[in-house]
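For reference, the structure is listed below as structure tokens.
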Amino acid sequence: MKLEEVDFISQNIVTTELFGCDTSVTNVFLYQERYKISSFVKSEIFFRYYNTTPNHTGFGFPVPFKSAPEDYLKTALEEILNSENPRFCYVSENQKKLIDACLQKYFPEYKINWETFRGDSDYLYLQSNLADLPGKDYQKKRNHISRFNRIYKDNWQFKTFPEENIKNDILAVEEKWFNENGGNENSDLQSEYSIIENAVHNAESLNIIGAVLYINEKPSAMCLASPVSGETLDVLFEKSVSETAENGSYAAINKMFAAHCSAYKYLNREEDLGIEGLRKAKLSYKPEIILDKYFGSLVRK
């Protein structure tokens with residue numbers, strides 16, 4: 001996918017039923033080299049992923065254009081059936097049902113043996129919960145914010161992007177985080193660094209928003225996000241330097257940025273990759289939806 005195609009596709013697809021981070025055109029554009037994603041466009045757009053594991057290889061759910069015919073899914077499935085490796089991946093529960101119904105109606109000789117991997121599931125939170133941290137469920141999070149305020153008092157600022165020209169400060173946080181976490185010896189972190197640079201430098205074309213939290217006048221935490229749909233925002237990255245992370249800067253920028261994003265109902269904070277500590281952290285913010293994703297091959301009955 002080329003940069004100039006992102007805006008056209010984003011403006012012309014039907015996104016009302018989309019919640020997953022992999023259905024964000026911006027996310028697909030940024031990660032297309034890392035995950036060898038190719039796109040196919042007819043009356044709909046769908047993406048094909050190539051990875052080292054079967055559950056990360058195959059076609060994503062075909063997303064219709066606003067002018068797509070009612071049977072767009074049938075057309076897409078015909079294309080996939082004729083492909084070399086007819087597989088699906090990153091398909092939500094609702095999308096899975098639509099595919100199965102279409103197969104039963106038009107291609108009854110085929111079926112998909114669906115599987116799911118918990119590490120692929122996205123965590124969706126109510127924007128209002130992350131912004132307000134209400135009730136006893138969020139008492140520990142409010143304690144983190146209290147600790148942050150107690151330590152730093154009024155010696156912090158929160159600036160949003162692109163309203164403020166803070167590109168260099170976003171990248172400064174990423175660079176420090178990268179160095180603190182041994183990025184020079186880690187190819188995945190090097191790839192992520194390049195992706196963040198790409199996101200920042202092409203933010204307008206990619207419809208990216210973000211923020212920086214300054215502590216003692218230094219950029220100390222940052223986040224970047226892009227819309228999945230009119231009601232769901234995908235939080236692409238959130239980083240903090242270690243010096244302030246232990247004093248609550250992650251909790252602070254999470255809350256401040258959520259408050260800034262009141263136009264959205266949900267904030268998608270993506271998957272936990274099967275990492276136990278990351279899963280525990282994501283669950284601690286009480287997700288409204290854990291969006292499971294499915295994968296499987298088309299086979300003859």
Side-chain angles (χ1 to χ4, degrees), residues 1-2 5-6 8-29 31-32 34-122 124 228-232 234 268 270-271 289-301:
M1 187 193 305
K2 297 178 181 177
E5 296 174 315
V6 172
F8 172 80
I9 292 171
S10 299
Q11 295 299 319
N12 286 280
I13 56 174
V14 180
T15 62
T16 49
E17 297 298 320
L18 302 183
F19 299 94
C21 65
D22 13 76
T23 52
S24 160
V25 177
T26 293
N27 207 334
V28 170
F29 174 83
Y31 282 92
Q32 61 184 325
R34 181 167 175 173
Y35 295 120
K36 299 181 176 61
I37 307 171
S38 55
S39 58
F40 297 80
V41 178
K42 286 195 173 180
S43 58
E44 72 288 316
I45 182 166
F46 50 93
F47 306 103
R48 187 168 188 175
Y49 300 79
Y50 294 89
N51 213 303
T52 55
T53 56
N55 55 309
H56 295 154
T57 298
F59 292 93
F61 181 80
V63 180
F65 280 87
K66 292 175 181 177
S67 59
E70 200 170 313
D71 64 348
Y72 79 92
L73 186 53
K74 174 178 177 287
T75 304
L77 284 174
E78 286 174 340
E79 182 82 20
I80 293 169
L81 283 168
N82 290 322
S83 68
E84 184 178 343
N85 186 15
R87 288 183 55 84
F88 277 101
C89 61
Y90 300 120
V91 173
S92 71
E93 176 75 31
N94 184 54
Q95 292 166 348
K96 176 169 72 76
K97 290 177 180 177
L98 291 173
I99 291 171
D100 285 341
C102 188
L103 284 175
Q104 187 174 4
K105 183 176 180 179
Y106 296 108
F107 310 99
E109 69 275 24
Y110 288 95
K111 68 174 183 177
I112 302 175
N113 296 318
W114 295 104
E115 298 179 71
T116 187
F117 172 58
R118 179 65 173 79
D120 288 338
S121 302
D122 284 358
L124 277 79
V228 174
S229 68
E231 68 173 10
T232 303
D234 178 24
N268 183 332
E270 302 195 350
E271 62 275 279
I289 299 169
I290 295 178
L291 188 72
D292 292 332
K293 301 173 195 175
Y294 296 83
F295 61 95
S297 296
L298 272 162
V299 295
R300 286 189 176 273
K301 292 180 180 177

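The chain is numbered in sequence order, starting from 1.
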From CD (E270) to CG (D120), nearest 0.5 Å: 11.5 Å

Residues, nucleotides or ligands: over 12 heavy atoms within 6.0 Å of E70 CD: no

Donor-acceptor under 3.5 Å (N268 side chain, F19 main chain): yes

For F46 against A76, the heavy-atom pair lying closest together: CE2-CB, 4.0 Å

Whether over 12 other heavy atoms sit under 6.0 Å from K2 NZ: no

Validation row: T232, L18 side chains within 4.5 angstrom (heavy atoms): no

Nearest-0.5 Å distance, CD of residue E78 to CG of residue D71: 8.5 Å

Whether K66 side chain and Q11 backbone form a donor-acceptor pair below 3.5 Å: yes

Donor-acceptor pair, side chain of N27 and main chain of T23, under 3.5 angstrom: no

V25 vs I13 side-chain heavy atoms within contact, under 4.5 Å: yes

Non-neighbouring partners of F65 that pass ring pair (Phe, Tyr, Trp, His ring centres under 6.0 Å), sequence neighbours left out: none

Main-chain N/O of Q95 paired to S92 side chain as donor or acceptor, under 3.5 Å: yes

Contact check, side chains of C21 and K293, non-hydrogen atoms, under 4.5 Å: yes

Euclidean distance, E271 CD relative to D292 CG, rounded to 0.5 Å: 12.5 Å

CZ on R48 to OG on S83, rounded to 0.5 Å: 5.0 Å

Main-chain N/O of L291 paired to D122 side chain as donor or acceptor, under 3.5 Å: no

Heavy-atom pair of closest approach, residues S38 and Y50: OG-CE1, 4.1 Å

Y49 vs D22 side-chain heavy atoms within contact, under 4.5 Å: yes

Among R87, E115, K111, the one residue meeting side-chain hydrogen bond (donor to acceptor under 3.5 Å, both in side chains) with S297: R87

Check: F61 and L73 side chains under 4.5 Å, non-hydrogen atoms: yes

Side chain proximity check, E79 to P62, heavy atoms < 4.5 angstrom: no

Centroid separation F59 to F40 less than 6.0 Å: yes

L298 side, atom CG; N85 side, atom CG - distance, nearest 0.5 Å: 10.0 Å

Evaluation steps, side chain to side chain contact (heavy atoms under 4.5 Å, CB included), between F47 and M1: CA-CA 10 Å; F47 306 103; M1 187 193 305; 3.4 Å; yes

Could you list the donor-acceptor pairs under 3.5 angstrom formed between side-chain atoms of residues 96-108 and any protein atom two or more places apart in sequence or on another chain?
residue: D100; atom: OD1; partner: W114; partner atom: NE1; Å: 3.0
residue: D100; atom: OD2; partner: W114; partner atom: NE1; Å: 3.2

Shortest non-hydrogen contact between T15 and G230, atoms and distance: OG1-N, 4.3 Å

Atom pair SG/CZ of C89 and F117 - distance to nearest 0.5 Å: 13.5 Å

Chi angles and distances behind the side chain to side chain contact (heavy atoms under 4.5 Å, CB included) call for I290, R118: CA-CA 9 Å; I290 295 178; R118 179 65 173 79; 3.5 Å; yes

Residue pair H56 / Y90, side-chain heavy-atom distance below 4.5 Å: yes

